[in-house]
Structures are given as C-alpha cells and as structure tokens.
Amino acid sequence: SDEIFCPSETYMIKNKEEMTMYNYQELGLVNTQEMFAKAYSEGYAVPALNFVTIEQLNGMIDAVIEKKSPVILLVSPNLHRQLGHEMTARLAQVATDRIKEVGLHIPVALHLDHGMTYEQCVMAVEGGFSSVMIDGSKLPFEENIALTKKVVEYAHAHDVTVEAELGILKGKEEEGTEGTDESMYTDPEMAVEFIRRSGCDSLAISIGTCHGLVKMVPNEDGTLPELRYDILKYISDREPGFPIVLHGCSNISQKYVDMINEHGGHIEKTAGIPDEQVRKASGLAVCKINIATDGWICGLANTRRILDEEQGAIDSRVFTLKIRPLMKELYLHKIDIMGSAERA
Ligand code: 13P
C-alpha cells in the first residue's frame, strides 16, 4: 500500500528535466503574508482545506465564492507526487480562474502540508506553491531550527512563505505517513525562541488538537477538555502579530461516522474538536486552521450511502454529482466557524 499512497520519491526527480516550472503569481495565487496579517488583526482564521478529489476542490471553491472567504488549498507531499507538478498547478489555477470569472478577488494560497524534507519544499516551490510547511517537529530543537532556516532562506528568495512546527500532535496525517501515539504540548517559551531564531512566517503548535479520528480523551465527568489557550496567550504576549497555525481541527461529525457504519464501513471510536473551541482559537492568535478528515469522511460516507441506494450504478457520476453540494455545505460551515466570511 505504500506504493499507492507514497510512490517513490524519485518519481518526480526522474522527470525533473522535463518538468515545467511554475510561478505562483502566474497561477493567480498569493502567499500567506497579507492573509495572515488581516486575519490576526481582525480576529478570524483562514480555512486551510485539504483536498484529494475534484468534488472536494469544487465544493470548497463554491463555498469560498459564496462566502467571499480567503482560502488555503492544502496539498500533502504524497498528493503532490500522485498528481504531479502539472496537474497540481493547473488545478490551483482553475480554482483561481473560477473566482476571477465571477468578478471576485479572493486570496487563494497553494500550500504544501507537512513537507518533511528540504527537497520536498524546493519541489513544491518549483511546482507553483505559494506557501510551504517544513515539519521538523520530530527532530531535536536545534535541528528543527537549522532545517527550518534552510527552507526559509530558499523559499523567501522566491517570495514563498514558510510554516514550521514545534511540539508533537498525536495521530497520522494520512495513510502511508509516519504517525505518533504521543501528544506533546508545545513549550511556549521554546516556541518564542523558535520564532525569533528560525525566521519562519507562521508556526504550527500543539495545544490539544490531533490528527485523525480520535482527538480528545473526555474528562472523568464526560466533558471534553479545553484546548490550551494559555499557550497561545503566552506566545502572543511576547510575539504580538505572529500567526499561529492549528493542525488536526476536524470535528468528526457523528452523522458521517454513523453513515459509514450503516453502509458497510467500520469505524469504532471517534472524538473531534468541538466547533466552539475552533471558534475561540480563531479569535486569538490562530490565523490558519487545517481540516482534512472532515472532508474525507463527508465524501466517503455519502459515496457509500449513494452506492447502496443505487445498486445498478455503473457511472461514478451517480455519486460525484451529488457529493459536490454536500462538500460545499461542509465548507460553508467551516468558514462560519472560523469567521472568515466576507474577509476577501
Ligand atoms: P484533521 O485530521 O483534524 O482534519 O487535521 C488535518 C491536518 O491537520 C492536516 O495537516
């Protein structure tokens, strides 16, 4: 399965000579600098939405147009490899073209999610990404700083913004990636030092969110624990204006979990991040909130349901055409929670 989710790294390098290089401005994209400055000063967060299907991408652009919300398209290194440079860049361009066609000016960034190596970040910049993440969170502190600085130097020379990560989030980003069972809250003092020394433009930290289906362990009285807003406050008191990023913020709606289970799937325990907590963080120093799992389970649950209802189906459009508006609905809700409507 590794080959399916993670074809060899050499796949793109082998084709490098024939590869078209893209400049993100020509694709109609922007980096995250102004997006985050506005989000910080006005107290909302920009939705950073992962997509793995065309229905998801179309649904999110439909939502962004209706709400006039800025958006960050999240692409993992695995998806970048699967689609290739050309397809990834062109899909982002189609998104910005659709927005232009309706006469709107909505900032759209194309962001590499969890770049694990310097080379993956370089590849993304050459492929038209306007923002990259270098995830050195599993490295010792000094090595994380050194790797981040190297990526910052390269990316800034191309006017591309860089997100780094400090602290460890439990769970896996996607199949075929290395996960961890342990969560480690970001040490706020180290975060301040990291921001000052690494030169990163934004920092993903761990305040209790987590990748995957089970994010929170309920308290003894059955209530859910609150995110550690105190860590955010410590950092923003010392680095006012500096944008913080939260990963692992899906809500994992029981509606989709039940739908998957009712239609042949098997998911046991789930616990997502409550909407109110995402809303509260959006009003603080958090300027970017990542959502992947919610989009996946919405698409998959409805695909299972529709295929069960349409036993004679032979054409994928039986479900794809119905899924786009459901995706749109999901993303409209995310925009409302993060407060990013009418902020374009
Ligand atoms: P979720 O698994 O909560 O959607 O988080 C996704 C994410 O943070 C990707 O980087």
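- Residues that satisfy the side chain to side chain donor-acceptor pair (under 3.5 Å) test with E165, not counting sequence neighbours, are absent from this structure.
- Ring-plane geometry between Y118 and Y154 is classed as perpendicular, the angle between the planes exceeding 60 degrees on a 0 to 90 degree scale with a lower cut at 30.
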Set out, in order, the CA-CA distance, both residues' side-chain angles and the distance that settles side chain to side chain donor-acceptor pair (under 3.5 Å) for H111 and E163, then state yes or no. CA-CA 9 Å; H111 175 82; E163 172 185 330; 3.2 Å; yes
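- One distance of note links NE2 of H158 with CE of M21; it measures 9.0 Å at 0.5 Å rounding.
- Looking at Y24, its side chain does come within 3.5 Å of a backbone N or O of D159 through a donor-acceptor pair.
- For D315 (side chain) and V318 (main-chain N/O), no donor-acceptor pair under 3.5 Å exists by modelled atom type.
- Atom CD1 of I244 is separated from atom CD1 of I235 by 4.5 Å, given to the nearest 0.5 angstrom.
- Judged as a side chain to side chain contact (heavy atoms under 4.5 Å, CB included), and not counting sequence neighbours, the contacts of P243 are F36, S202, C287.
- For the salt bridge (charged side-chain N to carboxylate O under 4.0 Å, His left out) condition, the pairs that include at least one residue of residues 223-248, sequence neighbours left out, are R196-E239, R228-D230, K233-D237.
- Between the CD1 atom of I291 and the CH2 atom of W296 there is a distance of 11.5 Å, given to the nearest 0.5 Å.
- With sequence neighbours left out, E329 forms a salt bridge (charged side-chain N to carboxylate O under 4.0 Å, His left out) with no residue at all.
- Among residues at least two apart or in separate chains, there is no salt bridge (charged side-chain N to carboxylate O under 4.0 Å, His left out) pair with a member in residues 201-212.
- H333 pairs by the ring-ring contact (aromatic ring centres under 6.0 Å, His included) definition with nothing, not counting sequence neighbours.
- A donor-acceptor pair is defined here as one N or O able to donate and one able to accept, closer than 3.5 Å; such a pair exists between the side chain of T186 and the backbone of L166.
- The backbone N or O of N219 lies less than 3.5 Å from no partner atom in the side chain of T223, so there is not a single donor-acceptor pair.
- A side-chain contact (heavy atoms from CB on, under 4.5 Å) with I61 is found for one member of M327, R98, Q56 and no other, namely R98.
- For the atom pair CD (E55) and CG (D62), the distance works out to 11.0 Å, reported to the nearest 0.5 Å.
- Counted within 6.0 Å of CD on Q311, heavy atoms from surrounding residues, nucleotides or ligands total more than 12; the atom is thus considered enclosed.
- The heavy-atom pair separating S250 from K215 by the smallest distance is O-CE, 3.3 Å.
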Report the C-alpha separation of F129 and H80 in whole Å, then their side-chain angles, then the decisive distance to 0.1 Å, and conclude whether the ring pair (Phe, Tyr, Trp, His ring centres under 6.0 Å) test is met. CA-CA 10 Å; F129 284 65; H80 191 207; 4.8 Å; yes
Evaluate L74 against F51 for side-chain contact (heavy atoms from CB on, under 4.5 Å), listing each step before the verdict. CA-CA 7 Å; L74 282 187; F51 71 92; over 6 Å; no
In a table with atom names and distances, give each donor-acceptor pair under 3.5 Å that connects a side chain of residues 277-285 to protein atoms at least two apart or in another chain.
residue : atom : partner : partner atom : Å
Q277    : OE1  : L227    : N            : 3.0
Q277    : NE2  : P225    : O            : 3.1
S282    : OG   : V278    : O            : 2.7

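- No more than 12 heavy-atom neighbours from other residues, nucleotides or ligands sit within 6.0 angstrom of CD on E189.
- Residue L246 holds its CG atom at 12.5 Å from SG of C210, rounded to the nearest 0.5 Å.
- For the pair P188 and Y234, the tightest heavy-atom approach, listed with the atom from each and the gap, is CB-CD2, 3.3 Å.
- For E309, the salt bridge (charged side-chain N to carboxylate O under 4.0 Å, His left out) criterion is met by R305, not counting sequence neighbours.
- For residues 64-79, the salt bridge (charged side-chain N to carboxylate O under 4.0 Å, His left out) pairs, not counting sequence neighbours, are E66-K328, K67-D336.
- With sequence neighbours left out, K322 forms a salt bridge (charged side-chain N to carboxylate O under 4.0 Å, His left out) with E310.
- Exactly one residue among P47, S69, C249 makes a side-chain contact (heavy atoms from CB on, under 4.5 Å) with M338. That residue is P47.
- Residues meeting the salt bridge (charged side-chain N to carboxylate O under 4.0 Å, His left out) test with D258, sequence neighbours left out: none.
- Using modelled atom types, no side-chain atom of H105 and backbone atom of K100 make a donor-acceptor pair closer than 3.5 Å.
- With hydrogens and angles left out, the side-chain atoms of Y22 and E86 include a donor and acceptor closer than 3.5 Å.
- Residues P274 and L224 share a closest heavy-atom pair of CG-CD1, 3.7 Å.
- Here CZ of R324 is found 11.0 Å from OG1 of T53. Values are rounded to the nearest 0.5 Å.
- Using a distance-only test at 3.5 Å, with no hydrogens or angles considered, a donor-acceptor pair links the side chain of Q120 to the main chain of M116.
- Judged by distance alone, the side chain of N302 and the main-chain N or O of C298 form a donor-acceptor pair under 3.5 Å.
- Residues meeting the side chain to side chain donor-acceptor pair (under 3.5 Å) test with R304, sequence neighbours left out: none.
- Remark: side-chain polar atoms of N261 are paired, donor with acceptor, to backbone N or O of I267 under 3.5 angstrom.
- Side-chain atoms of N251 never come within 3.5 Å of backbone atoms of G272 as a donor-acceptor pair (strictly under, hydrogens ignored).
- The backbone N or O of C200 sits less than 3.5 Å from a side-chain atom of S198, completing a donor-acceptor pair.
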